[in-house]
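What follows is a single structure, written as structure tokens, with notes after it.
Remember, predicted model here, so these are calculated numbers, not experimental data. Only this structure's heavy atoms are used, side chains among them; waters, hydrogens and symmetry mates stay out.
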Amino acid sequence: MKSRYSSSRSIIALILVIIMIGGFGYELFSIQILNHDYYTEQNNTVSTYTVPLEAARGEIVDRNGNVLVSNRQGNSIILDAAYFPPRTENKKRNEIIFNLLKLFSKNKEKAVNNLPLALKKGKIVFKDDEEEIAKMKREDVFNLQKYATAQNCFDTMVEMYELEDYDIKTALKIGAIRYELTTQLFSIENPVTIAEEVKPETVAAIKEDKKTYLGADVRTISYREYTDSTIAPHILGTVRKINGDEYNELKDDGYGIDDIIGESGIEAAYENELRGVPGILTVTIDADGNVTEEITKNPVRGNTIMLTIDKDLQRVTQKELAKKCEEINSINGAGAAVVQKTDSGEILAAASYPTFDLKDYYKNYKKLAKNKRNPMWNRFALGQYAPGSTFKPMMSCAALEEGIITEDTTFNCKGIFKYYDIELRCEHQKVHGTENVRLALRDSCNIFFYNCADLLGITKMNEYGKMFGLGEKTGVEIAESAGVFASPAVVEQYGANWQMGDTIQAGIGQSYHLFTPLQLANYCATVANNGTRYESHFVKAIIDSSTKAVNETSINVVENLPISKKTFTTVKEGMRLVAGNLNAFNKIKTPVACKTGTSQVERNGVKSHNAFLITFAPYKKPEIAVATAVEYAETSGIAVPVTAAIIDYYYSNNKDKAPAQETGSLLD
């Protein structure tokens with residue numbers, strides 16, 4: 001007879017077996033029937049990623065279609081997280097990087113190294129890069145306190161990346177690559193460049209040995225190429241890798257952390273046009289770790305920017321300016337020159353000296369930045385100068401229009417102007433005798449314009465100056481200074497008081513007046529065309545890279561000055577008389593009108609002069625205006641040969657020429 005307890009146990013066991021079988025059955029039914037598609041997809045595909053593909057930047061060309069900035073293709077070595085060992089496998093990562101570094105050393109390649117640590121006399125020290133040091137200590141990098149030493153940073157790096165098996169020099173080199181991966185947010189979606197512009201033999205080695213260099217790949221990158229890297233560097237501008245703040249601001253617009261961005265000049269001003277549209281590479285990794293890649297969107301090159309400048313005229317302007325600056329002062333010589341069309345505001349040429357080579361900028365930035373002559377400083381747009389006697393045509397217009405003088409009004413120049421208890425002397429201490437406005441412009445008679453300034457007053461003087469665009473930005477697309485008008489308010493900012501003689505001095509372009517060569521050129525162009533002030537600009541058109549459509553820049557009139565044609569005629573006649581006294585202008589075929597000027601400055605306790613010249617040509621039917629400034633010059637005549645050479649070249653070579661590109665013919 002069976003025990004009833006044994007019978008109960010059997011029943012319970014049977015029930016449990018039935019429940020288990022039912023559970024397995026339901027799970028099998030769920031996997032194979034209810035959720036078949038889901039589990040099939042999970043079995044076949046682990047993940048899909050998208051990687052941006054660089055779009056080549058647009059070209060920059062001159063007004064005739066001559067290419068100034070283009071692109072060249074180069075090979076860079078990247079690390080691809082789809083193939084590279086995961087971050088948990090530090091030893092494997094280090095081994096692959098070590099192999100790559102040996103290959104780079106063999107082929108004399110330069111690996112990326114932004115790690116701000118170095119070995120000096122057996123001691124770990126910081127490199128001279130405060131910004132990078134601060135980044136290295138951030139919470140998301142090495143997570144160290146601000147006061148952490150270089151050795152603290154090195155020790156943290158060794159521990160974090162498991163570099164204990166390498167000597168210090170090797171650990172620093174491997175660590176630099178690992179540091180780059182960390183700071184550049186290395187991931188499947190974001191491959192990181194570790195060497196740029198590598199040789200063909202390096203490319204071949206990596207392509208042929210995927211095991212030794214696992215995760216390393218070759219990517220074709222566009223680099224900026226210059227037809228002549230010395231032409232118009234201050235206008236064209238520079239590019240560089242995007243920084244952290246810019247990336248955070250622009251990442252939603254499609255920028256990657258390793259992208260190139262315009263830094264200055266036209267490259268920065270037209271970043272949105274030049275950048276282009278990145279493509280998309282879709283990366284798929286299945287359950288077995290197999291990787292497939294497909295370009296699902298092709299990149300689109302950026303648009304072409306056509307400038308108003310003429311390449312050859314720009315070259316001549318730079319050459320003539322440099323020659324004169326070096327002749328005057330080979331140690332400190334500096335200056336600027338601007339050529340502007342009188343009927344549109346188009347800048348045909350703009351030079352700043354000393355200048356720099358765009359190729360040197362990328363190689364030797366720190367050296368250029370430390371150069372005491374400031375070659376990267378854009379003197380024609382950012383340099384602010386007291387204009388000296390080039391201010392007098394504007395003063396003449398103001399005095400004539402306000403009825404302070406007529407074209408026949410005369411003042412007697414005895415060489416000295418007494419203003420209360422102040423005695424002011426005429427230009428070069430000369431005695432001119434009886435002068436009307438035309439003769440006063442010819443002789444640059446200070447006494448005549450002291451009288452005009454006294455009668456006009458500083459408020460009315462500045463009112464007219466602003467009409468001519470002085471003390472205001474000209475509207476060019478690149479960075480420029482606004483300049484300053486002498487006034488009681490400005491003097492107060494300097495902690496001083498407006499003196500009785502300040503208005504008189506302001507009337508001859510001295511005192512606190514500060515204007516840029518760009519403003520002087522625009523002012524001269526406004527005089528030349530009888531009072532139409534245009535917005536100055538460097539961009540003539542934008543050419544769409546996809547449709548080839550040409551979108552021309554509009555010509556903008558800022559102001560039509562309420563000044564009579566008779567006034568302008570009188571002033572221009574005086575300026576013509578100035579040119580007749582200058583030998584350099586008598587040697588060229590094109591008749592011009594101009595006004596010279598000098599202003600006294602003090603540099604490092606030493607008094608010196610700046611020379612200025614504003615000129616328009618031809619005299620009867622003006623087409624171009626030129627403003628030239630030469631620092632460390634004793635007389636205003638120093639600037640004349642520069643301007644004469646520019647004008648002579650322009651009218652000797654300004655003939656109809658076939659443009660270098662088809663698009664150029666649409667814009668002439």
Side-chain angles (χ1 to χ4, degrees), residues 62-64 308-328 333 335-344 346-351 353 380 388-390 392-393 438 441-444 517 520-530 568-569 571-598 611-630 633-657:
D62 82 343
R63 66 184 299 108
N64 298 309
T308 58
I309 70 168
D310 180 290
K311 179 192 66 170
D312 295 327
L313 182 64
Q314 177 71 28
R315 183 183 283 115
V316 168
T317 302
Q318 290 181 197
K319 177 184 175 183
E320 295 298 329
L321 177 67
K323 183 168 68 174
K324 183 55 67 175
C325 288
E326 286 296 314
E327 178 187 313
I328 296 305
V338 178
V339 185
Q340 177 174 313
K341 290 193 73 177
T342 60
D343 63 351
S344 65
E346 292 180 346
I347 305 297
L348 297 174
Y353 188 82
F380 64 75
S389 294
T390 60
K392 291 173 180 175
R438 293 181 183 84
L441 284 168
R442 180 196 67 184
D443 299 331
S444 202
L520 293 177
N522 199 21
Y523 149 52
C524 184
T526 305
V527 172
N529 66 36
N530 293 334
F568 280 117
T569 298
V571 171
K572 288 192 285 187
E573 287 172 352
M575 294 176 71
R576 176 63 181 151
L577 293 176
V578 177
N581 285 340
L582 299 172
N583 190 45
F585 285 135
N586 292 325
K587 291 181 179 180
I588 64 175
K589 295 179 180 179
T590 307
V592 308
C594 67
K595 185 67 195 83
T596 55
T598 56
F612 303 95
L613 182 69
I614 57 172
T615 311
F616 63 82
Y619 169 61
K620 290 187 176 179
K621 293 184 179 181
E623 296 174 348
I624 63 171
V626 184
T628 305
V630 179
E634 288 306 312
T635 66
S636 56
I638 294 299
V640 176
V642 178
T643 301
I646 291 169
I647 292 173
D648 188 45
Y649 176 84
Y650 182 78
Y651 284 103
S652 297
N653 296 273
N654 187 25
K655 299 175 182 178
D656 292 334
K657 295 182 289 186

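Taking every heavy atom of both residues into account, P622 and A528 meet most closely at CG-O, 3.5 Å. Of all non-hydrogen atoms in S636 and T598, the two that sit nearest each other are N-CG2, 3.1 Å. Across all non-hydrogen atoms, the minimal contact from P517 to A627 is O-CB, 3.6 Å. Residues I646 and A337 come closest through the heavy atom pair CD1-CB, 4.4 Å. What you find for N522 and T526 is that their closest heavy atoms are O-OG1, 2.8 Å.
In this structure R442 satisfies the salt bridge (Lys or Arg N to Asp or Glu O under 4.0 Å) test with no other residue, sequence neighbours excluded. With sequence neighbours excluded, the residues satisfying side-chain contact (heavy atoms from CB on, under 4.5 Å) with A639 are L613, T628, V630. With sequence neighbours left out, the side-chain contact (heavy atoms from CB on, under 4.5 Å) criterion links T569 to K565, E573. In this structure, the side-chain contact (heavy atoms from CB on, under 4.5 Å) partners of E326, at least two apart in sequence or on a different chain, are S330, Y353, R373. Partners of P641 by side-chain contact (heavy atoms from CB on, under 4.5 Å), not counting sequence neighbours, listed by chain and number: K324.
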Could you go through M575 and V527, starting from their C-alpha distance and side-chain angles, then the distance that decides it, and tell me whether this counts as side-chain contact (heavy atoms from CB on, under 4.5 Å)? CA-CA 10 Å; M575 294 176 71; V527 172; 4.1 Å; yes
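Using a 4.5 Å heavy-atom threshold, the side chains of E327 and I638 count as separate. Within the 4.5 Å cutoff, side-chain heavy atoms of Y523 are placed close to those of I614. Under the 4.5 Å side-chain criterion, counting only non-hydrogen atoms from C-beta, I624 is in contact with Y651.
N64 CG to I309 CD1: the interatomic distance, rounded to the nearest 0.5 Å, is 10.5 Å. Here L348 contributes atom CG and D312 contributes atom CG; the two are 12.5 Å apart, rounded to the nearest 0.5 Å. Interatomic distance, NZ of K341 versus CD1 of I347, reported as 11.5 Å (0.5 Å rounding). Atom CD1 of I647 is separated from atom CZ of F616 by 10.0 Å, given to the nearest 0.5 angstrom.
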Under 3.5 Å donor-acceptor pairs involving side-chain atoms of residues 583-597, not counting sequence neighbours:
residue, atom, partner, partner atom, Å
N586, ND2, G580, O, 3.4
N586, ND2, L582, O, 3.4
K595, NZ, S444, OG, 3.0

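The residue from K392, R576, K572 that alone fulfils the side chain to side chain contact (heavy atoms under 4.5 Å, CB included) condition with L441 is K392.
Between the side chains of D343 and N529, not a single donor N or O lies within less than 3.5 Å of an accepting N or O.
In this structure, N653 contributes its side chain and Y649 its backbone to a donor-acceptor pair below 3.5 Å. Formation of a donor-acceptor pair under 3.5 Å by the T317 side chain with backbone atoms of A349 is not found in this model.
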